[in-house]
Colleague: 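Quick one: structure below, then a few questions.
Hydrogens, waters and symmetry mates are skipped; everything else that's a heavy atom, side chains included, is used.
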Amino acid sequence: TLYRALHGPPAPGDAPAQPIPFSHKHHVGDDGIDCRYCHGPVEKAAFAGIPSTEVCMTCHSQLFTDSPLLAPLRRSAATGERLRWTRVHRLPDFVYFDHSIHVRKGVACVECHGRVDEMPLMRTNASLEMQWCLGCHRDPGPHLRPPSQVFDMRPTPKRSRRENDALVKAAHLLPLRRRTDCSTCHR
């Protein structure tokens, strides 16, 4: 994209300005809202999706209805004009990434996005550069979880090589050569 060409990739720790200072810490950490409530397509689509105004208004038509911070949300609901969120995690246009396959194979959200349940403002957690991704593709075991734990925000626990190998086997991953082949991510 033009932004990335001009500004380069986001650095870990970057928290871009947003139309509303949305706090994952509050929504996920304090209130316990599951990732899938706001990012519904994450298990079935390449993109996790940004929640619509209607999803936000499910709660905010009743809660914090007079908060000045939520004025853009109320305006969006009244006019039908969508909120213009700034992407936090941006990959170059020549990179293909599919959230759903990673989620289905057992890569937890926390592996790439960090402890969003502790982030007052969403920020980048990892470089998402090619070598970072390849590190996981070459040795996925330490980054995998059973499917029932993919949306758990706690850090991935340290496990034995045998336990990691069992998760890799259960995930039915592509062979190493295919996982690290250029065409897997560059299409």
Side-chain angles (χ1 to χ4, degrees), residues 1-104 107-129 133 145 147-155 185 187:
T1 64
L2 181 58
Y3 180 91
R4 189 176 177 94
L6 294 173
H7 303 284
D14 280 0
Q18 299 291 355
I20 298 171
F22 180 87
S23 173
H24 278 83
K25 180 184 183 313
H26 170 72
H27 291 83
V28 178
D30 299 340
D31 292 345
I33 297 174
D34 186 280
C35 305
R36 294 165 286 192
Y37 185 77
C38 298
H39 302 286
V42 73
E43 293 179 286
K44 298 180 181 106
F47 299 98
I50 301 295
S52 67
T53 296
E54 291 77 18
V55 168
C56 300
M57 290 302 288
T58 301
C59 296
H60 289 296
S61 64
Q62 303 294 316
L63 301 170
F64 305 108
T65 57
D66 295 329
S67 170
L69 290 175
L70 296 179
L73 178 63
R74 291 191 300 276
R75 189 169 38 258
S76 173
T79 66
E81 186 176 327
R82 71 180 183 87
L83 290 169
R84 303 269 178 202
W85 296 98
T86 302
R87 267 191 110 121
V88 176
H89 299 90
R90 298 177 304 272
L91 295 175
D93 291 339
F94 56 82
V95 174
Y96 175 76
F97 177 83
D98 186 328
H99 270 92
S100 67
I101 192 67
H102 288 82
V103 168
R104 285 195 310 266
V107 180
C109 305
V110 71
E111 286 293 320
C112 303
H113 299 292
R115 294 291 306 267
V116 300
D117 61 323
E118 297 177 348
M119 293 182 193
L121 295 176
M122 189 64 190
R123 59 178 160 65
T124 55
N125 177 66
S127 71
L128 305 183
E129 291 177 344
C133 295
R145 295 181 179 199
S148 63
Q149 297 175 15
V150 168
F151 300 100
D152 184 333
M153 284 291 113
R154 292 174 292 189
C185 302
R187 300 178 181 182

Colleague: Over all heavy atoms of both residues, which pair between His89 and Arg87 is shortest? Give the atoms and the distance, please.
Modeller: O-NE, 3.3 Å
Colleague: As a quick check of understanding, evaluate side-chain contact (heavy atoms from CB on, under 4.5 Å) for Leu91 and Tyr96, giving each step before the final call.
Modeller: CA-CA 8 Å; Leu91 295 175; Tyr96 175 76; over 6 Å; no
Colleague: Kindly indicate whether the side chain of Pro16, heavy atoms from C-beta on, has any atom under 4.5 Å from the side chain of Val88.
Modeller: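 Sidechains of Val88 and Pro16: in contact.
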Colleague: Quick one: sort the His99 and His113 rings into parallel, tilted or perpendicular, breaks at 30° and 60°.
Modeller: parallel
Colleague: Can you name the residues that form a side chain to side chain donor-acceptor pair (under 3.5 Å) with Ser23, not counting sequence neighbours?
Modeller: none
Colleague: Go through it in stages, so that I can follow the logic: the residues are Met122 and Phe22, the test is side-chain contact (heavy atoms from CB on, under 4.5 Å), and I'd like the CA-CA distance, side-chain angles, deciding distance and then a yes or no.
Modeller: CA-CA 8 Å; Met122 189 64 190; Phe22 180 87; over 6 Å; no
Colleague: If every non-hydrogen atom of Ser100 is compared with every non-hydrogen atom of Ala46, which pair is closest and at what distance?
Modeller: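 Looking at all heavy atoms of both residues, the closest pair is OG-N, 4.5 Å.
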Colleague: Can you name the residues that form a side chain to side chain donor-acceptor pair (under 3.5 Å) with Asp31, not counting sequence neighbours?
Modeller: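 With neighbours one apart ignored, the set is His26.
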Colleague: For Phe151, which residues count as a ring pair (Phe, Tyr, Trp, His ring centres under 6.0 Å) partner, sequence neighbours excluded?
Modeller: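 Testing Phe151 for ring pair (Phe, Tyr, Trp, His ring centres under 6.0 Å), a comparison that skips the adjacent residues, returns none.
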Colleague: Counting only heavy atoms not in Asp66, do more than 12 fall under 6.0 Å of its CG?
Modeller: no
Colleague: Indicate the atoms forming the closest heavy-atom contact of Met153 with Val116, along with that distance.
Modeller: SD-CG2, 3.4 Å
Colleague: For His60, give me all partners under side chain to side chain donor-acceptor pair (under 3.5 Å), at least two apart in sequence or on another chain.
Modeller: none
Colleague: Which heavy-atom pair separates Leu69 from Pro21 by the least distance, and what is that distance?
Modeller: CD2-CG, 3.8 Å
Colleague: Would you call the rings of His39 and His24 parallel, tilted or perpendicular if under 30° counts as parallel and over 60° as perpendicular?
Modeller: parallel
Colleague: Starting at CG of Asp152, measure out to CG of Asp34 and round the result to the nearest 0.5 Å.
Modeller: 10.0 Å
Colleague: Checking His102 now: which residues fulfil ring pair (Phe, Tyr, Trp, His ring centres under 6.0 Å) with it, not counting sequence neighbours?
Modeller: Phe97
Colleague: With salt bridge (Lys or Arg N to Asp or Glu O under 4.0 Å) as the rule and sequence neighbours excluded, what pairs involving residues 68-83 come up?
Modeller: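 Counting only pairs at least two positions apart or across chains, no salt bridge (Lys or Arg N to Asp or Glu O under 4.0 Å) contact touches residues 68-83.
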Colleague: Would you say the side-chain atoms of Gln18 pair up with the backbone N or O of Thr86, donor to acceptor, closer than 3.5 Å?
Modeller: yes
Colleague: Can you name the closest pair of heavy atoms from Pro19 and Pro72 and give their distance?
Modeller: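 Looking at all heavy atoms of both residues, the shortest contact is O-CG, 3.5 Å.
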Colleague: Which pair of heavy atoms, one from Ser76 and one from Thr53, lies closest together, and at what distance?
Modeller: OG-OG1, 2.6 Å
